[in-house]
Engineer: 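Okay, here's the structure, questions in a sec.
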Amino acid sequence: MPWRQTTDPYRIWLSEIILQQTRVAQGLPYYLKFTETFPTVHDLANASEEEVLKLWQGLGYYSRGRNLHAAAKYIVEDCEGIFPNTYKELLKLKGVGDYTASAIASISFNEPTAVVDGNVYRVLSRYFGIDTPINSTQGIKEFKALAQELIDIEQPANFNQAIMEFGAIQCKPQNPYCLHCIFNDSCVALQKNSINTLPVKLKKIKVKNRYLNYLVFKSSDHKTIIERRTGKGIWQGLYQFPMIEGEFDVSRFRESELFLKKTAAYTIKSIEQHNIKPIVHKLSHQHLHTIFWIIDVEKLDDTALEIKTLTSHPVPVLIEKFIVAYFNLK
DNA sequence: AAATCGGGGAC
DNA sequence: GTCCCAGATTT
């Protein structure tokens, strides 16, 4: 892993933000893109948020990308370009919480601050047989304190990365290698046969169903309309086609008040339902049931853009897949 | 304290 | 389908 070959705080920071709730295999190409496109924090700060989000596209949790950009600007503008070099100062960066501040502080600055990520929760809960829920206020405090007590203050970077790697490779969530584990004579969970019930995590999330209708306008001069998502909710800062939310009787969709309002400015030549069966795009908290409507029009207003240039804007994976499949763009 | 925020891979 | 990933932030 390339971020193991450096202690440059900028690169460690990049890797840690990218890897939040993200597997190495998924994050690696993004780390390579970001370090190549933005070799220094100044390059990142000088980019536009849209540029950053375009590079982040497909990785999910887009607030990470927005916060990354904001933090880069903060470092350049308010810290004279000098990367914060203590746990306490690192915590002030947007998108940097306890884990990430600890990781950067230990790896880049040799500060003995213990990291507690999903791996560490698992290793400690099993080895010490702790069943405090890891996502409870008490659990977060308890495991942080324990990790902090255990850290080798002589080599905090090695300790932190070692315990995480041990959790990722040996003490895995499913089917950990207890048989040939160097701790199998002292692991409480193994002795009590509770490997499979630890760590304990509170309640699972409930998924909401949402019904999205995207209006894909096509003008005779090969233009279409996209809009930037603002405000709360998913995909902040990304673009999408004009959208009407709601579950409609498809035969009456084009007569609905919302549809008429959204299309009032244009002269429609034809409407086609691109997919009869809704495309179900699954997020962790939402299942999005999506129908794309292809709407041919004479002319669009001057906010329209060339279909060919769609790919320069950051869009959710759901929209990207449609663009690739329908417009054959990449 | 609980909810929200993506997407993908392993099983 | 379920789990969970080198978590942080908002409500």
Side-chain angles (χ1 to χ4, degrees), chain A residues 1-4 11-31 53 56-68 70-71 90-107 113-123 133-141 143-144 147 157 159-169 171-176 196-208 210 229 231-238 280-288 314-321:
Chain A
M1 299 182 280
W3 48 84
R4 300 290 286 274
R11 292 186 175 231
I12 298 299
W13 169 60
L14 258 181
S15 73
E16 294 298 348
I17 301 295
I18 287 172
L19 291 175
Q20 285 169 8
Q21 294 293 285
T22 303
R23 293 171 195 284
V24 169
Q26 189 186 3
L28 178 56
Y30 287 84
Y31 176 82
L53 285 176
W56 198 271
Q57 179 181 310
L59 196 53
Y61 285 167
Y62 295 95
S63 65
R64 290 183 295 168
R66 298 193 307 273
N67 288 335
L68 189 77
L90 287 162
L91 267 183
K92 295 179 182 172
L93 301 177
K94 279 191 181 178
V96 173
D98 185 81
Y99 164 80
T100 306
S102 301
I104 302 170
S106 62
I107 296 170
T113 47
V115 296
V116 185
D117 73 335
N119 295 306
V120 177
Y121 280 121
R122 188 167 54 254
V123 170
I134 61 172
N135 54 347
S136 65
T137 304
Q138 173 61 27
I140 292 168
K141 264 182 64 179
F143 284 99
K144 172 74 179 182
F159 179 91
N160 277 339
Q161 295 184 79
I163 190 170
M164 288 191 285
E165 194 153 320
F166 179 76
I169 295 173
C171 194
K172 305 182 294 174
Q174 308 298 329
N175 308 312
N196 293 316
T197 62
L198 292 175
V200 173
K201 198 183 255 184
L202 288 174
K203 68 195 163 287
K204 46 205 79 176
I205 58 177
K206 56 181 174 190
V207 175
K208 285 175 184 159
R210 295 176 69 183
R229 290 185 65 103
K232 306 283 175 203
I234 59 174
W235 300 335
Q236 278 177 49
L238 303 193
V280 183
H281 186 75
K282 295 180 177 180
L283 309 179
S284 36
H285 286 71
Q286 307 179 15
H287 286 183
L288 307 175
V315 297
V317 165
L318 170 66
I319 301 298
E320 172 73 9
K321 284 181 176 170

Engineer: Going through the checks in order, is the side chain to side chain contact (heavy atoms under 4.5 Å, CB included) test met by A:Ile163 and A:Asn119?
Structural biologist: CA-CA 8 Å; A:Ile163 190 170; A:Asn119 295 306; over 6 Å; no
Engineer: According to the Watson-Crick and G-U wobble definition with distances under 3.5 Å, which dot-bracket string, read 5' to 3', encodes DNA chain C, using [ ] for crossing pairs and | for pairs with another strand?
Structural biologist: ||.||.|||||
Engineer: Give the nucleotide from the list B:dG9, B:dG6, C:dA8 with an atom nearest to the side chain of A:Arg23.
Structural biologist: B:dG9
Engineer: Does A:Gln161 offer a backbone N or O that forms a donor-acceptor pair with the side chain of A:Arg4 under 3.5 Å?
Structural biologist: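 Side chain of A:Arg4 to backbone of A:Gln161, a donor-acceptor pair under 3.5 Å: no, none is there.
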Engineer: Look at all strands and tell whether A:Gly167 reaches a base, only sugar-phosphate, or nothing, counting heavy atoms closer than 4.0 Å.
Structural biologist: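 The residue A:Gly167 makes no contact with any strand.
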Engineer: Please give the distance between the C1' atoms of C:dC3 and B:dG6 as a whole number of Å.
Structural biologist: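 It works out to 15 Å between them.
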Engineer: With nearest nucleotides of DNA chain B determined for A:Leu283 and A:Leu202 from heavy-atom distances, which residue corresponds to the more 5′ nucleotide?
Structural biologist: A:Leu202
Engineer: Expressed as a whole number of angstroms, how long is the span from A:Gln57:CD to B:dG7:C1'?
Structural biologist: 12 Å
Engineer: Just to be sure I understand the rule, does A:Lys208 reach a base, reach only the sugar-phosphate, or reach nothing, if contact means heavy atoms closer than 4.0 Å?
Structural biologist: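 Sugar-phosphate, backbone atoms only, no base.
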Engineer: Would you mind telling me which of C:dC3, C:dA6, B:dG7 lies closest to the side-chain atoms of A:Glu16?
Structural biologist: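 My answer, after comparing the listed nucleotides, is C:dA6.
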Engineer: Is A:Lys141 atom NZ crowded by more than 12 heavy atoms from other residues, nucleotides or ligands, each under 6.0 Å away?
Structural biologist: no
Engineer: How many whole angstroms separate atom CZ of A:Phe159 from atom P of C:dA6?
Structural biologist: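 Going from CZ in A:Phe159 over to P in C:dA6 covers 17 Å.
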Engineer: Please tell me if the side chains of A:Val120 and A:Phe143 come closer than 4.5 Å, counting only heavy atoms from C-beta onward.
Structural biologist: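 They are not in contact (no side-chain heavy atoms under 4.5 Å apart), so the answer is no.
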Engineer: Report the nucleotide, chosen from C:dA6, C:dC5, B:dG7, that has the shortest atom-to-atom distance to any side-chain atom of A:Met1.
Structural biologist: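 Closest nucleotide to the A:Met1 side chain: C:dA6.
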Engineer: By the 4.0 Å heavy-atom rule, please label A:Ser284 as base, sugar-phosphate, or nothing.
Structural biologist: base
Engineer: Can you tell me how far C1' of C:dG7 sits from CG of A:Asn119, to the nearest Å?
Structural biologist: 12 Å
Engineer: Below 4.5 Å, heavy atoms only, C-beta onward: do A:Tyr61 and A:Asn67 meet side chain to side chain?
Structural biologist: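 Side chain of A:Tyr61 against side chain of A:Asn67, heavy atoms only: no contact under 4.5 Å found.
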Engineer: Per the atom types in the model, does the base of C:dG7 pair as donor or acceptor with the side chain of A:Thr100 at under 3.5 Å?
Structural biologist: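 Check fails, no donor-acceptor contact within cut-off.
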Engineer: What residue among A:Lys208, A:His281, A:Lys282 forms side chain to side chain contact (heavy atoms under 4.5 Å, CB included) with A:Leu288?
Structural biologist: A:His281
Engineer: Are A:Arg64 and B:dG6 close enough that a side-chain N or O sits under 4.0 Å from OP1 or OP2?
Structural biologist: no
Engineer: Need one value for A:Gly27: base, sugar-phosphate or nothing, where a base atom within 4.0 Å counts as base even if backbone is also close, heavy atoms only.
Structural biologist: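 Nothing, no nucleic acid heavy atom in range.
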Engineer: Taking B:dG8 as the reference, what is the distance to C:dA8 when you measure between their P atoms (whole Å, please)?
Structural biologist: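 Taking atom P in both C:dA8 and B:dG8, they lie 22 Å apart.
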Engineer: Quick one: on DNA chain B, does A:Leu318 or A:Ser136 contact a more 5' nucleotide (nearest heavy atom)?
Structural biologist: A:Ser136
Engineer: Is the backbone N or O of A:Gly237 less than 3.5 Å from a side-chain atom of A:Arg66, with the two atoms forming a donor-acceptor pair by type?
Structural biologist: no
Engineer: Distance check needed: C:dT10 C1' versus A:Gln236 CD, whole Å only.
Structural biologist: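 Going from A:Gln236 (CD) to C:dT10 (C1'), I get 11 Å.
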Engineer: So do A:Leu90 and A:Ser102 actually touch side chain to side chain, heavy atoms under 4.5 Å?
Structural biologist: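 Counting from C-beta outward, A:Ser102 and A:Leu90 never come under 4.5 Å.
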Engineer: Is there a side-chain contact between A:Trp56 and A:Ile18 (heavy atoms, below 4.5 Å)?
Structural biologist: yes
Engineer: Consider the side chain of A:Gln20, meaning its heavy atoms from C-beta on, and name the nucleotide among C:dA8, B:dG6, B:dT4 that approaches it most closely.
Structural biologist: C:dA8
Engineer: Answer yes or no: side-chain N or O of A:Tyr61 and base N or O of B:dG6 forming a donor-acceptor pair under 3.5 Å.
Structural biologist: yes
Engineer: Using heavy-atom distances to pick each residue's nearest nucleotide on DNA chain C, tell me which of A:Asn67 and A:Leu19 is more 5'.
Structural biologist: A:Leu19
Engineer: Base, sugar-phosphate or nothing for A:Val120? Non-hydrogen atoms, less than 4.0 Å.
Structural biologist: nothing
Engineer: May I ask you to verify whether the side chain of A:Thr22 and the base of C:dG7 hold a donor-acceptor pair under 3.5 Å?
Structural biologist: no
Engineer: Round to the nearest Å and state the distance from A:Leu53 atom CG to B:dG6 atom P.
Structural biologist: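 That distance rounds to 11 Å.
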Engineer: So what does A:Leu59 hit on the nucleic acid, given a heavy-atom distance under 4.0 Å: a base, only sugar-phosphate, or nothing?
Structural biologist: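 If one applies the 4.0 Å heavy-atom cut-off, A:Leu59 turns out to touch a base.
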Engineer: State whether A:Lys172 places a side-chain N or O below 4.0 Å from either non-bridging phosphate oxygen (OP1 or OP2) of C:dC5.
Structural biologist: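 For C:dC5, neither OP1 nor OP2 has a side-chain N or O of A:Lys172 closer than 4.0 Å.
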Engineer: So, is A:Gln286 near the phosphate of B:dC5, with a side-chain N or O under 4.0 Å from OP1 or OP2?
Structural biologist: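 The answer is yes; a side-chain N or O of A:Gln286 sits under 4.0 Å from OP1 or OP2.
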Engineer: With sugar-phosphate meaning primed atoms plus P, OP1 and OP2, does A:Arg4 contact a base, only sugar-phosphate, or nothing at under 4.0 Å between heavy atoms?
Structural biologist: base
Engineer: Reckon A:Gln21 has a side-chain N or O less than 4.0 Å from the OP1 or OP2 of C:dC5?
Structural biologist: no
Engineer: Less than 4.5 Å apart, side chain to side chain, heavy atoms only: is that true for A:Arg210 and A:Ile234?
Structural biologist: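 Sidechains of A:Ile234 and A:Arg210: in contact.
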Engineer: How many Å lie between CG on A:Leu90 and P on C:dA6, as a whole number?
Structural biologist: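 The answer, rounded to whole Å, is 21 Å.
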Engineer: Phosphate oxygens OP1/OP2 of B:dA3: is one of them under 4.0 Å from a side-chain N or O of A:His285?
Structural biologist: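 No, because none of the side-chain N or O atoms of A:His285 sits under 4.0 Å from OP1 or OP2 of B:dA3.
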Engineer: Using only side-chain N and O atoms of A:Lys232, determine if any of them is under 4.0 Å from OP1 or OP2 of C:dT10.
Structural biologist: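 False: A:Lys232 side-chain N/O out of range (4.0 Å or more) of C:dT10 OP1/OP2.
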Engineer: Taking the minimum atom-to-atom distance to the side chain of A:Tyr62, which one of B:dA3, B:dG6, C:dA6 wins?
Structural biologist: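 Minimum distance to the A:Tyr62 side chain belongs to B:dG6.
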Engineer: For B:dG8 and A:Lys282 - does any side-chain N or O of the residue sit under 4.0 Å from the phosphate oxygens OP1/OP2?
Structural biologist: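 Negative; the distance criterion is not met.
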Engineer: Without decimals, in angstroms, what is the distance between A:Lys94 NZ and C:dT10 C1'?
Structural biologist: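 Interatomic distance, NZ of A:Lys94 to C1' of C:dT10: 13 Å.
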Engineer: Can you find a side chain N or O atom of A:Trp56 that sits less than 4.0 Å from OP1 or OP2 on B:dG7?
Structural biologist: no
Engineer: Tell me the interatomic distance from A:Ile169, atom CD1, to C:dC4, atom P, rounded to whole angstroms.
Structural biologist: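 These atoms are roughly 19 Å apart.
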Engineer: Name the nucleic acid region contacted by A:Asn175, choosing base, sugar-phosphate or nothing; use a 4.0 angstrom heavy-atom cut-off, strictly under.
Structural biologist: nothing
